[in-house]
Amino acid sequence: MTFLKIDNLDIEYQTRKETINASKNVSFNLERGEIIGIVGESGSGKSTVANAIINLIDKPGKITNGSILLDEIELCNNEEVIRTIRGKKIGFIFQDPQTSLNPLFTIKDQLIETIQTHTDLNYNKAFEKSMKLLTEVGIENPEKRINDYPHQFSGGMRQRVVIALAISCEPDLLIADEPTTALDVSIQFKILKLLKKLTLDRKLGVLIITHDMGVIAEITDKVIVMRYGKIVEHGETYKVLSQPVSIECKSLVMSVPPTNKKIDRFKFLSPDGNQIIDTSLKLTNNIIKNWEIREKSKKKLLDFLNITKIFDENKILSSKNDEDKIKALENVSFNIFEGESFGLVGESGSGKSTIAKIISGLINPTKGEIYFENLSLLDPRNKLKIKKFKGQIQMIFQDPYSSLNPRFKIKEIISEPIKFFRKNIDNYFLDQNVNDLIDIVGISRKSLERFPHEFSGGQRQRISIARALATKPRLLICDEPTSALDVTIQAQVLNLLKDLQEQLNLTIFFISHDLPVIRQMCNRIAVLKKGRICEINQTESIFNNPKNLYTKELLRMMPKIETII
């Protein structure tokens, strides 16, 4: 008897202007003890199919045809049945952990409530199980962290809590929508290992939705490739990835950052799949002239010296004991040279984003010194000088949607930093600057009158890049800029950043937990663990001849698509 059977599933969204087919004739089977992966570009219908299984299709969306059988029980448009098995028989790991957790309740409250809702365990037993689950998903000091609120966890930590919630009632079917997007390589390795173990030990059926082809190669038995709501390829993982038939699957495989070598840029197929097309950025002479490109040099641009950051150090109600203070960074030092790409990798909570915030001036270090072109950024006597060139350090954030003001049109979003740093600019030159920037990132000028919600994730990230470039920065801080993007869009954005660096002589500080991406983007890499630098070296030296044990362990745990294709 087939465990999960989806047959000819059609899902439509009826709008005033048109009917959008989010899913069309989708059919596949999932057996107990089997892991199936669904991949495809943003908008291909991956998450829609998963949401349909537990009847979470937002209106005006609806299932118009087809069947979803779980152990011969019909789930299609059957809210009464789904309500009884959602959370108990079916566990769901959502992509965004922040929206999956209630900010008003501690992790303990949320875990115990979930366990007691679906099981007969008393409070003490539910608490014991909660502690065991937090340990199982890799959260350190669970006896302390269980009393924390979601905002006190890093993104990766929150995702681990969500996974603990999903498996807390020991479901038969686990649906994981981008479960490792926010996780570093070591925790991703543990989570994938945990999913494999659960699948084998409990004969669990797992449906995993991801844009990470390394994860697909590492964990799945079969893979489904979707495009515009339809399945374009379906089969055993090894066969589909090693011998792709559809143009969509070939494009996905070509867009995967290789783990065993460094490439100049990612390649893309023409729409007919017959040839490789040139997607390189070619700036016009007018843009180059307006940008006032500086001459290339290899001089030191940034000195990050002996930085220590302790959080809650001045909290009035906190204990005076050092144990109650969080030391995010300890004596961290590195430098960045003009024109290079410097990478920073490490586990979730290791202090990567803290370093980015300190450099950009969003937070101050507890002690240490930062020099930008030999000017101290922390000396109060330099306040006026720092203010003048503050725009020379700009940041691209992980989530482009939350970093763009939803009430502003794209033109206003890109104009804002220009007007802030150039008070006397007239409307003609302002419009010319905005047009140049939107041309640079490859988006139509007509899009300037639209709002952020009208764009895809990849387009929003391009807009974020345009805004960051608006002040003509010398140092561009990229904090996980592609982790929320599917693999083909990620490849496009990485190509764009490479072209911008080459043609505008940008210096890039690239932060990521994705080791293959770091390899393709960076000249040098620093490896960070628990607020300390383990190793700094040239990229190829790190990957081919790592010195530190922690670095070796990270590289060992990295999902490798090359092993299967």
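All values reported here derive from a predicted model rather than from experimental measurement. Worth knowing before you read on, the calculation uses all heavy atoms, side chains too, and leaves out hydrogens, waters and symmetry mates.
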### Message
We want to know whether Asp479 and Ser353 form a side-chain donor-acceptor pair, criterion being a heavy-atom distance below 3.5 angstrom.
### Response
yes
### Message
Please tell me whether Asn306 and Ser333 have a donor and an acceptor in their side chains that are separated by less than 3.5 angstrom.
### Response
yes
### With sequence neighbours excluded, residues passing side-chain contact (heavy atoms from CB on, under 4.5 Å) with Gln492
Phe268, Arg462, Ile489
### Query
Salt bridge check: are Glu373 and Lys299 linked by an N-O gap of less than 4.0 Å?
yes
#### Entry: Close side-chain approach of Leu475 to Phe509, heavy-atom, < 4.5 Å
yes
#### Entry: Side-chain ion pair, Glu412 and Lys409, N-O less than 4.0 Å
no
### Query
Counting distance only, does the side-chain N/O of Asn545 pair as donor-acceptor with the main-chain N or O of Ser541 below 3.5 Å?
no
### Query
Is the side chain of Glu330 donor-acceptor paired with the backbone N or O of Lys309 at a distance under 3.5 Å, no angle test?
no
### Task
Indicate whether any N or O donor in one side chain lies under 3.5 Å from an N or O acceptor in the other, for Thr551 and Glu535.
yes
### Side-chain heavy-atom pair Glu338, Lys300 within 4.5 angstrom cut-off
no
### Task
Compute the ring centroids of Phe342 and Phe334, then answer whether they are less than 6.0 Å apart.
yes
### Task
Under the salt bridge (charged side-chain N to carboxylate O under 4.0 Å, His left out) rule, collect the residues that match up with Arg145, sequence neighbours excluded.
Asp148
### Query
Quick one: does Leu555's side chain get under 4.5 Å of Phe543's, heavy atoms only?
yes
### Task
Would you please say whether a donor-acceptor pair under 3.5 Å links the side chains of Ser47 and Asp177?
yes
### Side-chain donor or acceptor of Asn141 paired with backbone N/O of Lys144 under 3.5 Å
no
### Task
Could you tell me whether the side chain of Thr308 and the main chain of Lys367 form a donor-acceptor pair under 3.5 Å?
no
### Task
Output, in order, the C-alpha distance, side-chain angles, deciding distance and verdict of side-chain hydrogen bond (donor to acceptor under 3.5 Å, both in side chains) for Glu369 and Ser376.
CA-CA 7 Å; Glu369 188 59 86; Ser376 171; 2.7 Å; yes
### Pair Lys352 + Glu347, salt bridge at N-O below 4.0 Å
no
#### Entry: Distance-minimising heavy-atom pair for Val162 and Ser100
CG2-CB, 3.9 Å
### Task
Begin with the C-alpha distance, continue with both residues' side-chain angles, and end with the deciding distance and a verdict on side chain to side chain contact (heavy atoms under 4.5 Å, CB included) for Ile277 and Lys267.
CA-CA 7 Å; Ile277 56 175; Lys267 297 177 180 178; over 6 Å; no
### Task
Would you mind reporting whether Phe510 and Leu494 have side-chain heavy atoms less than 4.5 Å apart?
yes
### Message
Distance alone, cut at 3.5 Å: any donor-acceptor contact between the side chains of Gln392 and Thr471?
### Response
no
### Query
Is it true that the side chains of Gln501 and Ser341 contain a donor and an acceptor less than 3.5 Å apart?
yes
### Query
Side-chain contact, heavy-atom cut-off 4.5 Å: Phe266 with Ile263?
yes
### Message
Using ring centroids (six-membered ring only for Trp), state whether Phe304 and Phe372 fall under 6.0 Å.
### Response
no
### Task
Would you sort out whether Ile370 and Ile307 count as a side chain to side chain contact (heavy atoms under 4.5 Å, CB included), showing the intermediate values?
CA-CA 8 Å; Ile370 306 171; Ile307 295 291; 3.9 Å; yes
### Query
Would you say Met521 and Val517 make side-chain contact, with heavy atoms under 4.5 Å?
yes
#### Entry: N-O pairing of Asp499 and Arg265 below 4.0 Å
yes
### Message
Do Leu469 and Leu500 make a side-chain contact, defined as non-hydrogen atoms from C-beta onward lying under 4.5 Å apart?
### Response
yes
### Query
Can Glu136 and Arg160 be counted as an ion pair, charged N to O under 4.0 angstrom?
no
